[in-house]
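Step one of this worksheet: look at the structure below.
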Number of protein chains: 2
Amino acid sequence: METIEKEEGKLEVILKAAQKKFAEFGLAKTTMNDIAAEIGMGKASLYYYFSCKESLYEAVISKEQDHFLQEIQKTIKPTASAISIMKVYAKKRMRLFEYCLNLAKLNGDGVSNCLPFVKKLFEEFGKQEVELISSILEHGMNIGEFAPIHPKVEAEFVCSVMLGLRQAAKYRMKESLMTKEDYKNLNANMDKAVDMFICSILV
Amino acid sequence: METIEKEEGKLEVILKAAQKKFAEFGLAKTTMNDIAAEIGMGKASLYYYFSCKESLYEAVISKEQDHFLQEIQKTIKPTASAISIMKVYAKKRMRLFEYCLNLAKLNGDGVSNCLPFVKKLFEEFGKQEVELISSILEHGMNIGEFAPIHPKVEAEFVCSVMLGLRQAAKYRMKESLMTKEDYKNLNANMDKAVDMFICSILV
DNA sequence: ACATAGACTAATTTTCTATTTTGGTCGAAT
DNA sequence: ATTCGACCAAAATAGAAAATTAGTCTATGT
C-alpha cells in the first residue's frame, strides 16, 4: 500500500483557491464561479464538497485561524520567559496576518456592516486569542514574572489595544491601501504597546 | 450705548441648530431645510450666513473643536504635575466627546468613505491634539517627571492608542449603538492605557 | 445696507423596473 | 464517488423616471 502524495486532496485545492479569491475580492464579491474557474472546475462541483458559499468561507477562515494559532503556539515554550513570549507574540502576530489575509481582512474591515455569521467568526477568533494570551499571562504569573493579575481581563485589554492600533492605522492612512511605511509604523506601535503592557504587569 | 444680550446672535442660533441636526443625522443626511426648519427660518436665509453646506458643517466642527481644546486647556495648570494632567486629560477627553457629538462621530466613523474636506477636518483635529499632548509631555520633561523622550512621537502614539481603543470598542459592540456598558468599558480601557503610557515614560 | 424668503434651476438621490448575475439544485454521465 | 450541464429562484446590477436637495436670484420689508 503506497501513500503517494504527488496530488494534494481536492478539498485542499479548493480551499487554497477559495482562500486566494476571497482574499482578492472579499466574501461578497467572490463568486463560486471565480473559485471553480481558478482550478478549472465546474461551479456545481464545489457543492459536492461544501454545502454553501458561507460554509466554504468558514472553512477558509478556520484554516487560516488554525494556521495562525498553531504557528503562535510554536513560539510558546514552557521553558521560555513569559516576557519574551509576549514580545515574540506581538511580532509574529503581525507577520502571520500577512499570510492569513482573510483573517486580517476580518480584523481590518468594520464588522458592523457584515453578515451575522462573519461577525461570529470574528468573535470566535477574538475569544481564542484572548484565551491564548491569558495562558501566556498565567504562565508568567506562575513563574513569578508577572504580578498577580486577572489574566482574562488583561488579555482582553491587550487584544483591544492591538485591534485598535490596526484600526487606527487604517484610519490615519493617506491612500485607501496601507503602504509599507504604514505597516512599519503599525509594527512599531504594536511592539511599543506590548512592551508598555508587559512593563505594567511586571512584579 | 447699551449692549443688550437678551438675544444671542442669529449666527449662534444657526450653529446650534446645525450642530443638533448634524449630530442627529450626520452630514450627508441632514438637509439645509432640516436646519432652517429647526429654527423657523427659510432655507435660503441660511445662505446669507454660510456660503454652502460644507462651510456650515466646518463651522460646527470648528466650534466643537474650539470648545474641546479650550476645556482641555483649562485642565492644564503650569503648576500641576504632568502626570496628573495626563490622567485628567484622558478622563476629560471621554466626557467632552459626549458633548462634541459631531467631533466624536468624526472619530468614531470610518474616515475612508467620506468627503475629502471631512478627512481634512479630522486630520487637523488630530494634529492639534498631538500638539496639545506634546506640550503636556514637554512640561513633564521640564519638571523632571518624564524621561527624555520625543514628545511628538510619543504624543502620536498615545493618540493612535486612544483613537484605536474607540474604534475597537465600536468593533466589539453587540448592538449598532454603544451601550452604557460599552462606554464604561471604553473609559476603563482609556484610563488604563494612559496610565500604562505614563508609567512607560517616567524617569 | 441688512435680513429674509418665495420661486426657480441644475444636480444629486431615490425609486422603480427590466435585465443580468449568482447561489444553489437535480439528474445524467463517468 | 465525482463531475458537470441545464435549470431555477433569488439577489445584484443597470438604467430610466421621479422626487429631493444644494444653491441662486430677485423681490420685499426693515
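Each chain gets a letter, A, B and so on, in the order its sequence line appears, and its residues count up from 1.
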Donor-acceptor pair, side chain of [X] and main chain of [Y], under 3.5 angstrom:
X	Y	result
B:Asp34	B:Thr31	yes
A:Ser134	A:Val130	yes
A:Asn102	A:Gln19	yes

* **Passing candidate, ring pair (Phe, Tyr, Trp, His ring centres under 6.0 Å) with A:Phe68, options A:Phe125, A:Tyr89, A:Tyr99** =>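 Answer to the ring pair (Phe, Tyr, Trp, His ring centres under 6.0 Å) test with A:Phe68 among A:Phe125, A:Tyr89, A:Tyr99: A:Phe125.
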How close or far is atom [atom2] of [N] from atom [atom1] of [X], stated in whole angstroms?
X	N	atom1	atom2	value
A:Leu11	D:dT2	CG	C1'	13 Å
B:Met41	C:dG6	CE	C1'	14 Å
A:Tyr49	C:dG24	OH	P	18 Å
A:Phe25	C:dT22	CZ	P	11 Å
B:Leu46	C:dA3	CG	P	14 Å

**Asked** Should A:Lys21 and A:Glu24 count as an ion pair when the cut-off is N to O under 4.0 Å?
**Response**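 A salt bridge links A:Lys21 with A:Glu24.
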Worksheet item: Is there side-chain contact between A:Glu138 and A:Phe146, with at least one heavy-atom pair below 4.5 Å?
Response: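 In short, these two side chains do not touch, never coming nearer than 4.5 Å.
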Side chain proximity check, A:Asn189 to B:Val161, heavy atoms < 4.5 angstrom: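 The answer is no, as the side chains (C-beta and beyond) never meet within the 4.5 Å cut-off.
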[N], OP1 or OP2 - any side-chain N/O from [X] closer than 4.0 Å?
X	N	value
A:Tyr48	D:dT3	no
A:Ser45	D:dC4	yes
A:Lys10	D:dT3	yes

Per-nucleotide protein contact along nucleotides 22-30 of chain D, 5' to 3', at a 4.0 Å heavy-atom cut-off (B base, S sugar-phosphate only, - neither), is BBB------
- Query: If you take all heavy atoms of A:Lys63 and A:Lys16, which pair is closest and at what distance?
  - Reply: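 Reported closest heavy-atom pair: NZ-CG, 3.8 Å.
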message: Once you apply a heavy-atom cut-off of 4.0 Å, does A:Phe50 come out as touching a base, just sugar-phosphate, or nothing?
response: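 Nothing: the residue A:Phe50, judged by heavy atoms under 4.0 Å, touches no strand.
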**Prompt:** How are the rings of B:Phe22 and B:Tyr57 set relative to one another: parallel (under 30°), tilted (30 to 60°) or perpendicular (over 60°)?
**Reply:**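 Because their plane-to-plane angle is over 60°, the rings of B:Phe22 and B:Tyr57 count as perpendicular.
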| Rounded (10°) bend between the five-pair end axes of the helix from C:dA1-D:dT30 to C:dT30-D:dA1 |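 Terminal axis comparison yields 30°.
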